[in-house]
S.K.: 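Sharing a structure, written as structure tokens. Questions coming.
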Amino acid sequence: MSFDYQRDYKISPAYDRCIAYFCMEYAIHQSLKLYAGGLGFLSGSHLRSAYALRQNMIGIGILWKYGYYDQVRKPDQTMDVLYMEKLYGYLERTDIRFTIRINNHDVHVVVWYLPPEVFKTAPLFLLSTDSDENDYLAKTISHNLYSSNPETSAAAAILLGAGGARLLEHLNIEPDVYHLNENHGLPLAFYLLNRFRDLNAVKKRLLFTNHNPEPPGSKMADIFMLDKIGFFCGLPMEDVRKVTGESGHILDLPLTAFRMAGLANGVSKAHAATLNKLWGARKDICEISSVTNAQCFNYWSDDEMYKAVWNENFDLFGDRKRKCKKKLFEEVADQNGEMYDPQVLTIVFAKRFANYKRPDLLLRNMDRFDKIVNNRERPVQVIWAGKPYPMDYNNIAVFNKVVEACKLYSNCSILVGYELKLSKLLKAGADVWLNVPRLGQEASGTSGMSAAMNGAVNVSIPDGWFPEFIRDQENGFTIKPAKPSPHVYEQDDEDANNMYDLLEEVVIPMYYNDPIRWQSIVAQSMQDVMCAFDSERMVIEYYNLLYSRLNEPASIKSIEIANSTSP
């Protein structure tokens with residue numbers, strides 16, 4: 001059976017190498033709720049820029065029936081989680097159907113299609129097990145993005161990896177490169193190994209992009225549970241151990257991806273350096289290079305702000321920024337009942353609530369925080385937003401801590417629903433975009449890129465993408481970081497004090513006392529981010545620096561698989 005996905009998508013001869021892009025989440029449009037956060041924002045920008053350049057790429061993902069989750073509030077304003085069925089009338093239900101083996105049962109897969117012209121993206125196929133032929137447990141595989149149940153999570157990985165490979169066969173597509181964007185779809189590698197019977201043949205086709213600078217042993221799974229679920233796509237355990245090098249009962253998922261891919265990359269230069277420091281001494285993994293993440297300039301940037309900057313008309317820029325702030329402040333008033341002033345410096349912290357991102361670092365020393373937000377001569381407004389994982393009770397507690405702190409101040413608020421629409425409002429309405437990860441733990445941190453495309457000035461710890469961008473006090477501000485330490489409380493204290501010092505002594509005074517210099521920093525930031533961190537640069541680099549190299553002869557010794565069975 002053949003589905004003509006190129007009927008309305010013509011390929012540029014410059015990018016005719018066929019790429020199959022596997023990702024667990026995509027942030028393409030506010031209404032298409034298939035994403036949790038940064039990874040989805042990245043993959044959405046990737047497909048937008050692939051479309052703009054007419055690259056021969058198709059995206060493969062999962063149609064999550066209930067999305068990630070809807071972030072709502074309890075009666076006391078603290079956070080709650082709501083799962084609601086999503087409906088998408090603009091998706092096409094194809095006639096492609098097949099089965100995959102999960103937990104020794106045939107699971108029926110149906111395929112949905114997002115045509116390129118709907119949201120100006122490369123073709124995207126979405127897999128679902130929500131089919132009448134399946135029992136309830138099989139249907140739930142595609143219900144919730146990032147299930148906390150390890151077996152359901154493994155089943156979703158099989159759906160993405162093995163199911164995506166089966167889809168390509170039904171489409172009669174033989175990709176030159178299988179791009180595994182994070183290790184969520186790792187069964188793809190085992191499916192290909194079962195097909196080609198030779199690890200070198202897999203390596204010539206498989207690129208692995210890692211998005212987490214986490215140490216070995218941080219992402220583990222029970223190898224026998226994975227085998228029972230069908231994670232290894234029919235490969236006998238003897239062959240799984242031969243390829244992965246694992247002799248015990250635990251499988252290190254990123255390490256396995258590094259072993260089975262021909263090339264891997266981090267998503268910033270700093271991230272790649274961290275990965276090579278953590279993993280590079282191993283002789284059994286692939287080369288790890290870097291392609292720095294980026295965001296789609298045409299999607300994220302504010303045209304009116306850029307026109308004002310190009311014309312050096314900062315009165316016009318100020319008018320536009322205040323208009324955007326007013327739109328954001330309408331949302332603040334709606335959710336929090338607070339009226340903000342567009343003339344006042346507005347600091348925004350908005351990203352996934354995770355321990356290493358430290359969303360409550362501003363509250364580390366309440367005396368110093370109080371001094372900043374209660375300064376009548378140089379007033380400040382603060383807005384938080386972000387989603388913890390729905391079962392991450394520690395960071396839900398952090399979110400609720402911020403909720404309670406905001407109740408004490410009429411110029412501090414926290415918003416729910418941090419998705420594409422709110423993200424654009426926050427970035428256009430922010431004067432300062434605050435980013436305070438623990439040094440060495442941020443892979444990229446792309447939210448600051450799209451914030452800069454909206455005239456927000458980055459104030460950040462120099463991690464992830466930021467060292468490639470920042471010229472301190474020329475296009476943003478660097479928070480002097482504490483050295484990484486196992487004593488995170490001391491590290492957090494030092495970083496918080498350095499952050500308070502920078503805000504009190506440099507950032508806030510400059511905004512009010514030296515508006516010409518502030519405007520020059522805004523303008524320089526907008527100019528510097530425009531090309532270097534536009535996702536068109538990123539997708540070109542993937543083609544020229546990584547995809548083009550994968551078909552070269554692999555340098556490792558061939559590992560043949562003799563006794564495999566069909567998936």
S.K.: With a 6.0 Å cut-off on the ring centroids, do F98 and H170 count as close?
M.R.: yes
S.K.: Passes ring-ring contact (aromatic ring centres under 6.0 Å, His included), H179 versus F208? Steps please.
M.R.: CA-CA 6 Å; H179 186 166; F208 169 49; 9.3 Å; no
S.K.: Do N210 and H271 have a side chain donor and acceptor closer than 3.5 Å?
M.R.: yes
S.K.: Kindly say whether the aromatic ring centers of Y26 and H46 come within a distance under 6.0 Å.
M.R.: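 No, too far apart.
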S.K.: Under 4.5 Å between any side-chain heavy atoms of L127 and L63, yes or no?
M.R.: no
S.K.: Do T129 and H108 have a side chain donor and acceptor closer than 3.5 Å?
M.R.: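 Note: T129 and H108 side chains miss the donor-acceptor criterion.
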S.K.: Closer than 4.0 angstrom, basic N to acidic O: yes or no for K325 and D431?
M.R.: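 Salt bridge between K325 and D431, a charged N being under 4.0 Å from a carboxylate O: yes.
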S.K.: Taking atom types as modelled, is there a side-chain donor on Y83 or H143 under 3.5 Å from an acceptor on the other?
M.R.: no
S.K.: Taking all heavy atoms of Q295 and all of S45, pick out the closest pair and write down the distance.
M.R.: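 What the structure gives for the nearest pair is OE1-OG, 3.3 Å.
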S.K.: If the test is ring pair (Phe, Tyr, Trp, His ring centres under 6.0 Å), which one of Y542, Y9, Y543 qualifies with Y15?
M.R.: Y543
S.K.: Work out which heavy atom in A20 is nearest to a heavy atom in L168; give both atom names and the distance.
M.R.: CB-CD1, 3.8 Å
S.K.: Can we say R537 and E541 salt-bridge, meaning some charged N sits less than 4.0 Å from an Asp/Glu carboxylate O?
M.R.: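 Yes, this pair counts.
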S.K.: I'd like to know whether the aromatic ring centres of Y306 and F297 sit less than 6.0 Å apart in this structure.
M.R.: yes
S.K.: Are any non-hydrogen side-chain atoms of K203 and M260 less than 4.5 angstrom apart?
M.R.: no
S.K.: By side chain to side chain contact (heavy atoms under 4.5 Å, CB included), which residues pair with E468, not counting sequence neighbours?
M.R.: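 E468 satisfies side chain to side chain contact (heavy atoms under 4.5 Å, CB included) with S268, K269, T292, F533 once adjacent residues are dropped.
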S.K.: Evaluate the side chain to side chain contact (heavy atoms under 4.5 Å, CB included) criterion for residues R93 and V110: first the C-alpha distance (whole Å), next the side-chain angles of each, then the deciding distance (0.1 Å), finally the verdict.
M.R.: CA-CA 8 Å; R93 181 164 181 162; V110 296; 3.4 Å; yes
S.K.: Does the Lys NZ or Arg CZ of K351 fall within the cation-pi geometry relative to F353 - under 6.0 Å from the ring centre and within 45° of the axis?
M.R.: no
S.K.: Set out, in order, the CA-CA distance, both residues' side-chain angles and the distance that settles salt bridge (charged side-chain N to carboxylate O under 4.0 Å, His left out) for E174 and R195, then state yes or no.
M.R.: CA-CA 13 Å; E174 186 66 45; R195 175 184 171 189; 2.6 Å; yes
S.K.: Ring of W300, cation from K427 - is the NZ or CZ under 6.0 Å from the centre and inside 45° of the axis?
M.R.: yes
S.K.: Between W433 and S447, does any side-chain donor sit less than 3.5 Å from a side-chain acceptor?
M.R.: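 Judged by distance alone, the side chains do pair up.
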S.K.: How about H184 and Y146: are their ring centroids closer than 6.0 Å?
M.R.: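 Under 6.0 Å, so yes.
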S.K.: Measure up the F469 and F466 rings against each other and bin them: parallel (under 30°), tilted (30 to 60°), perpendicular (over 60°).
M.R.: tilted
S.K.: Distance under 6.0 Å and angle within 45° of the ring axis: does R54 meet both against Y51?
M.R.: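 Yes; both conditions hold, so R54 lies above the ring face of Y51.
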S.K.: Do N181 and Y21 have side-chain atoms, one donor and one acceptor, less than 3.5 Å apart?
M.R.: yes
S.K.: On the six-membered ring of Y178, is R205 placed so that its NZ or CZ lies under 6.0 angstrom from the centre and within 45° of the ring axis?
M.R.: no
S.K.: For V416 and F399, work out which heavy atoms get closest and say how close.
M.R.: CG1-CZ, 3.8 Å
S.K.: Does the cation-pi check pass for R322 over F329, that is, NZ or CZ under 6.0 Å from the six-membered ring centre and within 45° of its axis?
M.R.: no
S.K.: Could you tell me whether the side chains of D16 and N56 share a donor-acceptor contact shorter than 3.5 Å?
M.R.: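 Per modelled atom types, D16 and N56 side chains form no pair under 3.5 Å.
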S.K.: Side chains of N475 and Q527: any donor to acceptor distance under 3.5 Å?
M.R.: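 There is no such pair between these side chains.
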S.K.: Is any side-chain heavy atom of E182 closer than 4.5 Å to one of M24?
M.R.: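 Sidechains of E182 and M24: no contact.
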S.K.: Flag the pair R101 and D106 as a salt bridge only when some basic side-chain nitrogen lies within less than 4.0 angstrom of an acidic carboxylate oxygen.
M.R.: yes
S.K.: Is there a side-chain contact between R73 and T78 (heavy atoms, below 4.5 Å)?
M.R.: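 No, side chains not in contact.
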S.K.: When you check the gap from the basic side-chain N to the acidic O, do K323 and E304 get nearer than 4.0 Å?
M.R.: no
S.K.: Is there a side-chain contact between V109 and I96, using heavy atoms and a 4.5 Å cut-off?
M.R.: no
S.K.: What is the minimum heavy-atom distance between E25 and L145, and which atoms define it?
M.R.: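 Heavy atoms only, the tightest pair is CB-CD2, 4.0 Å.
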S.K.: What closest approach, in Å, do P187 and C233 show between heavy atoms, and which atom pair accounts for it?
M.R.: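 Smallest heavy-atom distance, with atoms named: O-SG, 3.5 Å.
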S.K.: For a quick test of reading the model, state the closest non-hydrogen atom pair linking Q335 to I414 and the distance between them.
M.R.: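 Smallest heavy-atom distance, with atoms named: OE1-O, 4.3 Å.
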S.K.: With side chains defined as the heavy atoms from C-beta onward, is the minimum distance between Q441 and K357 less than 4.5 Å?
M.R.: no
S.K.: Just do the side chain to side chain donor-acceptor pair (under 3.5 Å) check on N336 and S413 with the steps written out, would you?
M.R.: CA-CA 7 Å; N336 289 71; S413 61; 4.7 Å; no
S.K.: Counting only pairs under 3.5 Å, give me each side-chain donor-acceptor contact of residues 152-165, with atom names and distances, residues two or more places apart or in other chains.
M.R.:
none

S.K.: I'd like to check Y389 versus N395 (side-chain heavy atoms, cut-off strictly below 4.5 Å). Are they in contact?
M.R.: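 The answer is no; the side chains never approach within 4.5 Å.
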S.K.: Using a strict 4.0 Å threshold on nitrogen-to-oxygen distance, state whether D302 and R320 make a salt bridge.
M.R.: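 Yes.
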S.K.: How about S12 and L53: do any of their side-chain heavy atoms sit closer than 4.5 Å?
M.R.: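 The answer is no, as the side chains (C-beta and beyond) never meet within the 4.5 Å cut-off.
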S.K.: Dump the intermediate steps for side chain to side chain contact (heavy atoms under 4.5 Å, CB included) on I58 and L124, then the final yes or no.
M.R.: CA-CA 6 Å; I58 63 170; L124 175 62; over 6 Å; no
S.K.: Is it the case that T209 and N265 place a side-chain donor and acceptor less than 3.5 Å from each other?
M.R.: yes
S.K.: If the threshold is 4.0 Å, N to carboxylate O, is there a salt bridge linking K65 and D130?
M.R.: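 Judged by the 4.0 Å cut-off on N to carboxylate O distance, K65 and D130 do form a salt bridge.
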S.K.: Please test V291 against V267 for side chain to side chain contact (heavy atoms under 4.5 Å, CB included), starting from the C-alpha separation and ending with a verdict.
M.R.: CA-CA 5 Å; V291 171; V267 290; over 6 Å; no
S.K.: Show your working on side chain to side chain donor-acceptor pair (under 3.5 Å) between S535 and Y299 and close with a plain yes or no.
M.R.: CA-CA 10 Å; S535 51; Y299 177 84; over 6 Å; no
S.K.: Between Y90 and F119, is the ring centroid distance below 6.0 Å?
M.R.: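 Yes.
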S.K.: Salt-bridge test for E169 and R166: reply yes if a basic N is under 4.0 Å from a carboxylate O, no otherwise.
M.R.: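 A salt bridge is present here (some side-chain N lies under 4.0 Å from a carboxylate O).
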S.K.: For residues Q55 and R17, is any side-chain donor paired with an opposing acceptor at under 3.5 Å?
M.R.: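 No - no donor-acceptor pair under 3.5 Å links their side chains.
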S.K.: Is the Y68-Y35 ring centre distance short of 6.0 angstrom?
M.R.: no
